[in-house]
Amino acid sequence: MDKRKMLLYLQSALCILWVILMAAAAIRIYTTGLAYQAQGHPEAWIYTREKAVEAIGRYLPILLLAVISNIACVFLGVRDEDQDKPVRDPDLMDIYKKERENLSGSVNGEERARKLKTARIAVFAVAVVFVIAGIMNGSMEDMLIKAVNICTECIGLG
């Protein structure tokens, strides 16, 4: 088997292994946290920063190997040549060119691009004005409180 192909398989295996181990660590943290809460500590947090750092630190070498293999694939130009590639259909290209000609017939392309850019800038300016107005009337604090409540109460983080 080709060495370059083996690098792709190694990269895929490392990424899959990382995902499986991190999912197992998250489940393990959750089950131990629930057991601790069931022992009479209902106010205890299930997920803490320390537990997450410990879980990530345990499997960090696998992540680093996956990142290094990914960088090696980029620098070596390793690609899967067997993957599906889009097929150029001349009929579709003709239809696309005719549609572009019809659109550009009424308004030339440069003028259309200028109008589109002006519209984008106007929408962005209106959005900035509304964001500033929301900050000025205190909506930002309300949204932060709602976001914190959703994370801590509904989803169950912490």
**Asked** Donor-acceptor pair, Gln37 side chain versus Ala44 backbone, under 3.5 Å?
**Response** yes
* To do: Ignoring hydrogens and angles, tell me if any N or O in the side chain of Tyr36 forms a donor-acceptor pair with the backbone of Pro42 under 3.5 Å.
  => no
Any [X] side-chain heavy atom under 4.5 Å of [Y] side chain:
X     : Y     : value
Ile46 : Lys51 : no
Met6  : Leu10 : no
Leu8  : Gln11 : yes

Report whether [X] and [Y] are members of the same hydrophobic cluster (ILVMFWY, side-chain heavy atoms less than 4.5 Å apart, transitive linking).
X     : Y     : result
Val19 : Leu60 : yes
Ile68 : Leu17 : no
Ile20 : Ile62 : no
Ile16 : Leu14 : no
Phe75 : Val67 : yes

Measure the spacing between [atom1] of [X] and [atom2] of [Y] and express it to the nearest 0.5 Å.
X      : Y      : atom1 : atom2 : answer
Met22  : Ile56  : CE    : CD1   : 4.5 Å
Ile132 : Met136 : CD1   : CE    : 8.5 Å
Leu76  : Ile71  : CG    : CD1   : 11.5 Å
Lys146 : Glu141 : NZ    : CD    : 12.0 Å
Leu65  : Cys15  : CG    : SG    : 10.5 Å
Met143 : Ile145 : CE    : CD1   : 11.0 Å

Nearest heavy-atom contact between Trp18 and Tyr59 is CZ3-O, 3.0 Å
- Message: Using side-chain contact (heavy atoms from CB on, under 4.5 Å), reason through Glu54 and Ile29 one step at a time and then give a plain yes or no.
- Response: CA-CA 10 Å; Glu54 178 187 343; Ile29 290 171; over 6 Å; no
Those residues at least two apart in sequence (or on a different chain) that pass side chain to side chain donor-acceptor pair (under 3.5 Å) with Ser139 are Asn137
Taking CD in Gln39 as the centre, count heavy atoms belonging to other residues, nucleotides or ligands within less than 6.0 Å. Is the count above 12? yes
